[in-house]
Amino acid sequence: MENNFQYSDDNKRYHTWNYHLRHKFGCKVFKVSLNAGFTCPNIDGTRGFGGCTYCSGAGSGDFAGDSSADVRAQFNEIKERMHKKWPHGKYIAYFQAHTNTYAPAERLREIYEPVLAQENVVGISIATRADALPRDVLDYLSELNRRTYLVVELGLQSIFDETGTRINRCHTYAEFLKSYQKLTERGIDVCIHLIDGLPNETHNMMLESARTVGLLRPACVKLHLLHVLKGTPIAKDFIKGNLRLLTREEYVDIICDQLETLPPETVIQRLTGDGGRDALLGPMWSLKKFEVLNAIDMELARRNSYQGRLFKGD
């Protein structure tokens, strides 16, 4: 079946992160995931305690470096390991764990700059929250954006405030929009995170989150599956039988529906998430990541569909 999706040279029907980086830099570029030892406003009591109910102690940085090590040491260790797979690749420093703008700008400068100075680092990706972007930090991010490739990753998860309350997100969709606007007004690329399968959310709610986010025309989107990890608050509900997880078929269906509503130029950085095998309680089918991605490809082909097919911008 013919695939005429414009942002593809490997028969994908969505705008992959790999396609974007290869066409921007002309070579393989990979992220090096780092843990700089940050915390979060909904952990330390500024906005709440305990963090998001699904979040592990590593703050979504389970596959990042060891926070007890200097970030340069983390970078070099992970880079060398990944070089075995991509010996000629270049790198994006990815500050992944917890809220990576949750410090004064001068402290951020001390953390980011040594890694940016490493050879063949072509950019930086910073995972953060909408309530951790004060003026001094925004000014520093603007400076970074003028001299390197920068993506700020904003965890939203859902546009529905009742869901945010349920998962202890501790900020509203309105707050997210304000921070998103401040970043985009400065010309900074934003990657918006959404999670499918959050407690009490319906298929239509997940689709509405994607549709609404698409109207913002973000540079990038990450679509994740809810993972239930040992030791998290949400694990207690799952163990008690009070949390229903998506089946693989349901997840593939909602992902394809969401892709159809997102603008074709938006880069899809991720279509599923990673849960460590030793920590994962469910859904266990998510461990077979490539099977999930293949199922998404097959469903888009079956529909003869592609990212943006149903997108209706202003």
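Treat the numbers as computed from the prediction; the structure is a model and nothing was measured.
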Exercise. Would you check if the distance from the ring center of Tyr91 to the ring center of Phe30 is below 6.0 Å?
Key: yes

Quiz item: Does Phe38 have its ring centroid less than 6.0 Å away from the ring centroid of His98?
Solution: no

Practice problem: Check whether the side chains of Asp44 and Thr46 place a donor and an acceptor atom closer than 3.5 Å, and report yes or no. | Solution: yes

Quiz item: Between the side chains of Asp196 and Gln258, does any donor sit under 3.5 Å from an acceptor?
Solution: yes

Between [Y] and [X], is there a salt bridge with N-O shorter than 4.0 Å?
{"X": "Asp257", "Y": "Arg303", "value": "yes"}
{"X": "Arg270", "Y": "Glu153", "value": "no"}
{"X": "Lys12", "Y": "Asp10", "value": "no"}
{"X": "Glu208", "Y": "Arg211", "value": "yes"}
{"X": "Glu143", "Y": "Arg146", "value": "no"}
{"X": "Glu299", "Y": "Arg248", "value": "no"}

Keeping [X] on the side-chain end and [Y] on the backbone end, is there a donor-acceptor pair under 3.5 Å?
{"X": "His15", "Y": "Pro264", "value": "yes"}
{"X": "Asn100", "Y": "Phe95", "value": "yes"}
{"X": "Asp253", "Y": "Glu249", "value": "no"}
{"X": "Thr184", "Y": "Gln181", "value": "yes"}
{"X": "Thr53", "Y": "Asn168", "value": "no"}
{"X": "Arg166", "Y": "Pro199", "value": "yes"}
{"X": "Glu260", "Y": "Tyr306", "value": "no"}

Quiz item: Would Glu175 and Arg169 count as a salt bridge (charged side-chain N to carboxylate O under 4.0 Å, His left out) if you check the C-alpha gap in whole Å, the side-chain angles of each, and the deciding distance to 0.1 Å?
Solution: CA-CA 12 Å; Glu175 288 177 282; Arg169 192 68 190 157; over 6 Å; no

Self-check item: Aromatic ring pairing Tyr149/His20, orientation class (parallel under 30°, perpendicular over 60°, tilted between)
Solution: tilted

Quiz item: Taking the inter-plane angle between the rings of Trp285 and Tyr251 on a 0 to 90° scale, is it parallel (under 30°), tilted (30 to 60°) or perpendicular (over 60°)?
Solution: tilted

Exercise. Kindly check if the number of other-residue, nucleotide or ligand heavy atoms within 6.0 Å of NZ (Lys79) is above 12?
Key: yes

Quiz item: Would one find more than 12 heavy atoms of other residues, nucleotides or ligands at under 6.0 Å from atom NE2 of His23?
Solution: yes

